[in-house]
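All values reported here derive from a predicted model rather than from experimental measurement.
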Amino acid sequence: MGLGRSNPDNPGSHPGEPGVGVDLAPPFTAPDEAIRWLFGLNRFGIRPGLQRINGLLEDLGHPEQVLRTLVVAGTNGKGSTTRVLALLLQAAGYKVVTYTSPHLLNVHERILIDDQPVPAEDFARRVRAIRPLTEKHEASWFETLTALAVQIAVDEQADFFCCETGLGGRLDASNALPSVATLLTTVGLDHQRILGETLPEIATEKLGLLKSGVPLFCGVDEELRGQVFEAAVRTGSPCHFLDELARWQEANPWQGSSRAWDLTLRDRLLLGLPDPGTEALRRNVALALLALTELEPRLGMNLLPDDLAHTLGNLFLPGRYQQVLRGPDWIFDTGHNTQALGSTLPAFLDEPGTGRKILLFGAMYDKGVVGDLTRHFRRFDAVVGAPVALPRSRTVEELELLFREWGLQPRPWPVAGDLPAAVVAPDMCRALALLAEKIRPEDRVLVTGSCFTVAEALYTLGFPSLDMTREIKPARPVLDALVAGGNEE
């Protein structure tokens, strides 16, 4: 069964990940029978709690006890921060296993060994091996994946295990893992049905990760720092606030679309760091660097590479303000809530350029976009909506209603002539075909609203794997191939 808008078979559970289920359209398809079974677990929804993951880990012989784990939590930015930590540690000479979620194009992306996905055959073999334990403990899909990631890190003799939390913290499967550090990026309004309706309530859930003697590195806004500090003191967790211990500034004026920046920490000055694209990503890089510099004396290890600027210049953050095409430029960002979009939209709109700024937007129906973002949406020269090929996606009608709430008046489909100021296409393929035919070389396109929007757009443009997006490609051949393929059909 596919994953829909509710779970009538288990009303006490929460819906699982929208892009994980059986019988979904590409790129959300299980590649083999083992992964199909794994995806099937998602139909039971999200079930917070530690009993099942603790049971799995116990039956595996508690592999988590021998790992040096860094746990990263937050409403936004935890995935990119986890990847930055892993890149820096790997470049410093350590073997690193990274565990992140959700995936974009393939489930194997979630567990990386030195930045490379676990081979598909090995992944499937491990899924088959853990199946009896999963069924014994009635573990969820995410709990099963967490146990798999831990076991892989041990089998690979990883020096570090960089682990992104799933949801919240207190009852998240990652809270079963001993850690050498906890990082908290941001706290925003998301998953309120599970985590609470207010920022302090959501922060309480995330602060449930704190452990006595384990340092916390925190990037939350000022309004929550008092709560964070009190929780850290009560737990006995040394607390390090990013905004108190780090300062950064521009190193050079604009040069094309790339800026360098300098970061000052308590005991060092890091110069000429390459710009990751947005202020939010810059904060995530700074938080990772703060954590590693403070951990060095604590662990008695050198945790940063010698050529930091070169290392960060090779940072691969798929779907995090990632440029995939040029001429016209296409930027892909997985921002899906008000906090994330509040960073992405102005960063894109404020980029210099002579062409039009175009937005391709799709979202899940349960993700609200509120606050003062309307003014950003109105600044785009054109806004194209597209439903994602998932049951939980906003439909054409829901996207049109959302556009009107933003003060946009979507033109009826199909459209003739030039690209309209607002329109909602029937599906992602036709939305991309419209843009492929109407945009000019000097234009810039931002694809955002959901990680699933990014995933389907990348796949439809001819990128079935993330590795294909590591190098920026000329846009015209990709767009021409899309149009030609559509005409053939």
Side-chain angles (χ1 to χ4, degrees), residues 1-57 59-60 99-112 117-152 164-168 171-174 176 191 193-194 364-366 388-393 450-452 455-456 459 464-466:
M1 61 179 284
L3 187 66
R5 294 193 168 211
S6 62
N7 191 348
D9 297 328
N10 188 1
S13 72
H14 301 286
E17 289 185 34
V20 177
V22 297
D23 302 326
L24 296 177
F28 311 110
T29 309
D32 53 52
E33 283 304 311
I35 307 305
R36 184 179 174 86
W37 169 81
L38 181 66
F39 279 12
L41 297 175
N42 196 41
R43 71 187 183 277
F44 299 117
I46 298 169
R47 293 176 292 160
L50 299 179
Q51 179 179 355
R52 295 176 298 275
I53 183 64
N54 281 328
L56 277 176
L57 294 173
D59 282 359
L60 290 171
Y99 176 48
T100 59
S101 60
H103 63 273
L104 291 178
L105 295 171
N106 197 298
V107 67
H108 310 109
E109 302 162 16
R110 293 180 181 238
I111 305 174
L112 304 177
V118 175
E121 299 81 5
D122 186 37
F123 197 101
R125 177 185 61 80
R126 290 178 178 277
V127 170
R128 289 191 294 269
I130 205 171
R131 179 171 178 171
L133 295 182
T134 294
E135 294 173 342
K136 171 185 173 182
H137 295 285
E138 298 182 344
S140 71
W141 122 270
F142 185 78
E143 290 160 348
T144 301
L145 270 177
T146 302
L148 276 176
V150 168
Q151 187 62 60
I152 288 171
E164 175 187 359
T165 63
L167 193 64
L171 298 177
D172 186 77
S174 60
H191 302 290
R193 181 184 172 195
I194 301 173
M364 300 299 102
Y365 85 95
D366 53 349
V388 182
L390 292 173
R392 210 186 296 175
S393 172
S450 169
C451 61
F452 308 109
E456 188 174 358
Y459 183 85
S465 74
L466 289 183

Test of understanding: with side-chain hydrogen bond (donor to acceptor under 3.5 Å, both in side chains), list the residues that count as partners of [X], not counting sequence neighbours.
X	value
Glu143	Arg52, Ser140
Glu135	Arg131
Thr165	none
Arg126	Asp122, Asp155

Legend entry - Residues which pass salt bridge (charged side-chain N to carboxylate O under 4.0 Å, His left out) with Arg128, listed by chain and number, not counting sequence neighbours: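 If we apply the salt bridge (charged side-chain N to carboxylate O under 4.0 Å, His left out) test to Arg128, skipping adjacent residues, there are no hits.
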Which distance, rounded to the nearest 0.5 Å, do you find between the [atom1] of [X] and the [atom2] of [Y]?
X	Y	atom1	atom2	answer
Ile152	Leu145	CD1	CG	9.0 Å
Glu138	Leu41	CD	CG	11.0 Å
Arg110	Leu148	CZ	CG	11.5 Å
Trp37	Thr134	CH2	OG1	4.0 Å
Met364	Leu390	CE	CG	5.0 Å
Leu57	Asn54	CG	CG	6.5 Å

Do side-chain atoms of [X] reach the backbone of [Y] as a donor and acceptor pair under 3.5 angstrom?
X	Y	result
Asn42	Glu17	yes
Arg43	Gly40	yes
Asp172	Gly166	yes
Glu109	Leu104	yes

Set of residues satisfying side-chain contact (heavy atoms from CB on, under 4.5 Å) with respect to [X], sequence neighbours excluded:
X	answer
Thr29	Pro26
Pro27	Leu105, Ala455, Glu456, Tyr459
His137	Leu56, Asp59

Inset, instruction - Under the ring-ring contact (aromatic ring centres under 6.0 Å, His included) rule, collect the residues that match up with Phe142, sequence neighbours excluded. - result: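 Counting only residues at least two positions away or on another chain, Phe142 forms a ring-ring contact (aromatic ring centres under 6.0 Å, His included) with Tyr99.
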Legend entry - Qualifying residues under ring-ring contact (aromatic ring centres under 6.0 Å, His included), relative to Phe452, sequence neighbours excluded: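 ring-ring contact (aromatic ring centres under 6.0 Å, His included) check on Phe452 returns nothing, list empty.
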Legend entry - Whether Phe123 and His108 hold their rings parallel, tilted or perpendicular, with breakpoints at 30° and 60°: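 Judged by the thresholds at 30° and 60°, the geometry between Phe123 and His108 is perpendicular.
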